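Here is the structure we will look at, set down as structure tokens.
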Protein chains: 2
Amino acid sequence: MASNTVRERILRSGRRITPQRDAIAGILERAEQPVSAQELCDAVGEVDPQIGRATVFRTLQSLMEAGLVQRITIPGAETRYLLCSTAEHHHHLVCRECGAVEELPERGVASFLARVEREHRFLVDHATFDVYGTCARCAGREPEPAARP
Amino acid sequence: MASNTVRERILRSGRRITPQRDAIAGILERAEQPVSAQELCDAVGEVDPQIGRATVFRTLQSLMEAGLVQRITIPGAETRYLLCSTAEHHHHLVCRECGAVEELPERGVASFLARVEREHRFLVDHATFDVYGTCARCAGREPEPAARP
DNA sequence: TTGATTGCAAAGTGTTTGCAACTAG
DNA sequence: CTAGTTGCAAACACTTTGCAATCAA
């Protein structure tokens, strides 16, 4: 099988590697949590102040189209971007404490969606399912975790 | 039990009824599908061109706080607002054909969330679960419905 | 009466675009 | 070589804010 570095994945998607994309991908790769466009711009600026906002946005868009990056839209907060291990459709568990994101494979959601389809006679085309809360590690530290699904 | 008109619900939430709010709520009420802020501004403008954008946004915010309105954030599209029959937390099935929105009660999602909590050792605080596809009525008309969960 | 609400216009965000210059493949 | 990519700055879309005037309860 082909190499799975981000660079390889970009190349395989028929896109060019440029220093800018390399920098942006690197930041996303190192980030332990989803990054906002603004944060990304700032971080990129530290690598090379020459790189402009437009490039950051265009790169994100490009990487999203390539399936390398997914955008998660936290309602009431900013849009954030994260490098995904797989281009397949999946969902996220986002920890509010540490920002860590766990990927929830589509498989886990599929059976539930099937039930929705059956019960509501609704043909599902796309579903967003993002869960916010406290991850196991952070829950271990906290005395009184919130709980309101 | 108390009356359940939108006016009543606004009043009961300790907010004032104003002609502007009445107009905005009326539009949301008549809309068969979620409305974007822009559309709302336009529609409101037809009722009374005097009503400004700021008022529309402030009213939406107010109604959201009161639990009358919910905002749904379609990834890659605009934010839309819709009047909800209940202030309780719930999710939506949105038909891409006709725009109709069906409310999916939290109850239906709860057991699924419980499983996620168990399997991922994750304390769920809030989950967004919005489903896009084709409703039964539209599916009946269409020869080849899309299907890619 | 009086605090909530409004209109206006101006300021913020966050994101996109046009275009000439540049460069990876 | 040449289509894809970039930087810049300006344009855009959407939402929020300050403030004085107004109005619902």
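Keep in mind that this is a model prediction, so the values were computed, not measured. Chain letters run A, B, ... following the sequence lines, proteins first and then strands; every chain starts at 1.
- Partners of B/Leu11 by side-chain contact (heavy atoms from CB on, under 4.5 Å), not counting sequence neighbours, listed by chain and number: B/Ile17.
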What's touching nucleotides 22-25 of chain D from the protein side, N or O pairs under 3.5 Å?
from, atom 1, to, atom 2, distance (Å)
D/dA24, O3', B/Ile17, O, 3.1
D/dA24, N3, B/Arg16, NH1, 3.4
D/dA25, OP1, B/Ile17, N, 3.1

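- Using a 4.0 Å cutoff on non-hydrogen atoms, the parts of residues 35-51 of chain A near DNA chain D are A/Gln50, A/Ile51, ordered by number.
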Return the polar atom pairs (N/O with N/O) between nucleotides 19-21 of chain C and the protein under 3.5 Å, or none.
none

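- Contact check, A/Thr55 against D/dG7: a side-chain N or O comes under 4.0 Å of OP1 or OP2.
- Side chains of A/Arg15 and A/Ser13: a donor-acceptor N/O pair is present below 3.5 angstrom, by distance only.
- Listed by chain and number, the residues in a ring-ring contact (aromatic ring centres under 6.0 Å, His included) with B/Phe112 are A/Phe112, A/Phe129 (sequence neighbours excluded).
- Checked by atom type, the side-chain pair B/Glu103/B/Ser85 shows a donor-acceptor distance below 3.5 Å.
- A donor and an acceptor atom, one from each side chain of B/Glu102 and A/His120, are located under 3.5 Å apart.
- The phosphate of D/dG7 has neither OP1 nor OP2 within less than 4.0 Å of any side-chain N or O from A/Arg53.
- Contact annotation: B/Gln20 reaches the phosphate of C/dG7 (side-chain N/O to OP1 or OP2, under 4.0 Å).
- For the helix from C/dT1-D/dA25 to C/dG25-D/dC1, the axis fitted to the five pairs at one end and the axis fitted to the five pairs at the other end meet at an angle of 50° (nearest 10 degrees).
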